[in-house]
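In what follows, a single structure is set out as structure tokens and then discussed.
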Amino acid sequence: MDSLLLWIFLLLPVLGSILCLFLRKPKLVLAFTTVGVLAEDLAGGFLIYPVFTGSPLHTADDWLRIDALSGYHILVMLLVFSLSSIFAYRYFGKEIESGDFKESHAARFGSLWFGSLGAMSLVLLSNNLGLMWVGIEATTLITAFLICIHRSQTSLEATWKYVLLCSVGIALAFLGTLLVGAAASSVSIFHGNGLMWTVLYQNASKLNPLTMKIAFVFLLVGYGTKAGLAPLHNWLPDAHSQAPAPVSALFSGFMLNAALYCIMRYIPIVNAAAQFNFAGHLLLLFGVISMLTAAVFILFQHDIKRLLAYSSVEHLGITAIGLGLGGLGIFAALFHIFNHSVCKTTGFLSAGKLDQIYGTHDMRKMKGTIRRAPVWGSGLFLIFLALVGAAPFAIFMSEMLIIKTAVDHNQILILSFFLAAAGIVFVGVLSHALSTAWGEPPYSLVSEKSKIFDILIVFFPLALLLILGIWMPYPFREVLEKASSILGGKG
Amino acid sequence: MIQDANFILLIVIVLDLYIVSSSRLDTCVNATALQGAALAFLPFALWWKQASSGEMIGLLLIGAGTFVVKSLLIPFLIFRSIREANVRREVEPSISLHFSLFTAAVFVAGSFWMASIVVFPQSPPASLIVPAAFVGVLVGFLLLVSRQKAITQVVGYLILENGIFIFGQILFKELPFIVELGILLDLLVGVLVMGIAINHISRQFDHIDVNRLDELKG
């Protein structure tokens, strides 16, 4: 029964992807994607609930498996997909009225949207590390044309950079995967299943430490390119700024996390083989570089979507630092993933809507957003506050936990870089946020009417972040503890 | 059989150098196709003798798949984009061809040296397999950074992939053939996606010079 559900979960998006090609009306495609994603939510809910309360689920000769860690990521993925799909209906609906979103656009969007849901599900469900790699490469190829739904010179430039950089990066990750296989092939327990994560995880201490270390460098650089860790993030701001808002939300909200998830799977294996926190040291290095790079670019940014994109680089860096610190840091990092995904998804959606209202994403021309579009404007302002780590939103809590871990582990150098970068980001983002929200509008404005729908899609995620910032429900904590214990962390 | 494998790998290395030094786009693509064909026979040369009957089917599938994808479909797709994008047939390197060839020669020497110092837990089945893999990866990177046209970047990506493919052959027994076929499919779709992107770029920009795709910054 459970394994049937798992197959349904994996194949539903494939079916949706094919059906989208046969739907003629753009509105119909958008409605269908929303309904399809909600159906996937239902299947996903039934799938992960028993995993959270009981033991991991596996099927197909152990090729597919869900444990607390992948279940938790499925939860985040479904949340991001649901929010952006519902929003896409409204966002592209406006474009249908103006004639910019036609049948061919709609079919392409719907089909690729479902396709990327399927590919990301494959990444999360596969227990074979080779299959996981195939899934990540598939997400790159499927999402590429989502960036240039509307063809323009800049969107094509972004698409090209994205496809080429990520393909090369992921090719290196494959080299890393092969090296892991090479390390496993010399130990007899692994014969025939040297890429099965569960087998590697249980016998990690028998692996050759040097080979595993070299392998992890390739894996981190490879998957790190896709996860947007600096200095490998060059494609990220371009792709995020050129894609339509729901697609940017999906990229930032979950695609980056899917790549980071792949790195996570290797952390306990590499550390057990190397006998010390080797993976952690490298993650700390990349995390700090990401935070500092993002901080500098945020300070001088004028494009609102690029600002949000660099903020993703920063938050992925924070997550990497949490993972690198180990112990409580892993718990905090996983919590941070949830907070950042929810927050950034809503951020891109609001920015996209404001982009439609103002006709630009240059912040120097977007002034007085709160008066012009009360819901989206104030929503985006609150999102900015949450992103820089203002209390009492949940990002504040997860960042505090990471800082606490750094203090406990006596990582003063890391801590000072962290605080410096976070400080620069705080100043940079707030100055942009204040001037867009309250600045003098360039011409007299009629304020946009707010609908119940808009209010829900902006304030539901914010309320979620607020509640989690003040009080973490016990079941949620238990799931986080279960997931972080897989990575060797403590709750 | 091991001599055959080494012979195939030698052809692959020579083709890498040939691609770096050639000034014509068509020659590059043809050489890539030839390299793909040579690689299709590598799994047989390495593993056929010691394969069980189940593994033989896997070998046949991988060999046939590699041949069809790497030496027929991918070159076809690239030639189609060259035709449709209507590009000039020269390579247009940003560093001179002589210097490219010199760099590649240094890479070859470096690869043999690296292969001699890196210790593998299990000795590789053919002596040239590790150096040939390193040469492929490094030459692929060289082409990616030193050529201006989008199509030559695709060729660089393919050479890089071929290098990794060679490396993967060490692990034939560990890598289930479903994964290998998945990788081939990803590669094929990857080149297809890049081809379509090149097509759109040439229509929007009237060129496919990646150095001039520089509008987005900061």
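All chains are named by letter (A, B, ...) in the order of the sequence lines, taking the proteins before the strands, and each is independently numbered beginning at 1. These numbers were taken from a predicted model, which means no experiment stands behind them.
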Segment of [X] engaging chain B (4.5 angstrom heavy-atom cut-off):
X	result
Asp303(A)	neither
Arg306(A)	side chain
Thr177(A)	neither
Ala171(A)	both
Phe300(A)	neither

Under a 4.5 Å heavy-atom cut-off, does chain A meet the side chain of [X], its backbone, both or neither?
X	result
Tyr157(B)	side chain
Ile201(B)	both
Ala133(B)	neither
Leu187(B)	neither

query = Who wins among Val189(B), Leu213(B), Leu216(B), Val193(B) for the most heavy-atom pairs under 4.5 Å with chain A?
reply =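 Heavy-atom pairs under 4.5 Å are most numerous for Leu216(B).
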message = For a side-chain contact (heavy atoms from CB on, under 4.5 Å) check, start with the C-alpha distance between Tyr201(A) and Asn127(A), then their side-chain angles and the critical distance, and finish with the verdict.
response = CA-CA 11 Å; Tyr201(A) 184 65; Asn127(A) 187 34; over 6 Å; no
inquiry  = Once rounded to the nearest 0.5 Å, what's the spacing between atom CZ of Phe107(B) and atom CG of Leu17(B)?
reply    =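 The CG atom of Leu17(B) is 11.5 Å from CZ of Phe107(B), to the nearest 0.5 Å.
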Spacing of CG belonging to Leu236(A) relative to NZ belonging to Lys226(A), to within rounding of 0.5 Å =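 Rounded to the nearest 0.5 Å, the CG-NZ separation comes to 11.0 Å.
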At a heavy-atom distance under 4.5 Å, which candidate from [options] has the highest pair count against chain B?
options	result
Asn128(A), Thr159(A), Leu131(A), Val168(A)	Val168(A)
Trp133(A), Phe297(A), Phe145(A)	Phe145(A)
Thr140(A), Ile142(A), Ile214(A), Leu175(A)	Leu175(A)
Ser152(A), Ala138(A), Ala158(A), Ser167(A)	Ser167(A)

key: Flag side-chain contact, heavy atom, 4.5 Å: Pro237(A) against Gln301(A)   =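 No; the side chains remain at least 4.5 Å from each other.
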message = Does either side chain, that of Asn86(B) or that of Ser202(B), offer a donor lying less than 3.5 Å from an acceptor on the other one?
response =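 Looking only at side-chain atoms, Ser202(B) and Asn86(B) do not form any donor-acceptor pair under 3.5 Å.
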key: Matching residue for Phe67(B) among Ile62(B), Leu39(B), Leu72(B), Leu73(B) - test: side chain to side chain contact (heavy atoms under 4.5 Å, CB included)   =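 Among Ile62(B), Leu39(B), Leu72(B), Leu73(B), the one that satisfies the side chain to side chain contact (heavy atoms under 4.5 Å, CB included) with Phe67(B) is Leu72(B).
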Crowding at OH, Tyr18(B) (>12 non-hydrogen neighbours, <6.0 Å) =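 It does not: Tyr18(B) OH has 12 such atoms or fewer within range.
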ask   = Is it the case that more than 12 heavy atoms not belonging to Ile95(B) sit under 6.0 Å from its CD1 atom?
value =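 More than 12 heavy atoms, drawn from other residues, nucleotides or ligands, come within 6.0 Å of this atom.
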request  = Kindly say whether the aromatic ring centers of Tyr162(A) and Phe251(A) come within a distance under 6.0 Å.
outcome  =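 They qualify: ring centres under 6.0 Å apart.
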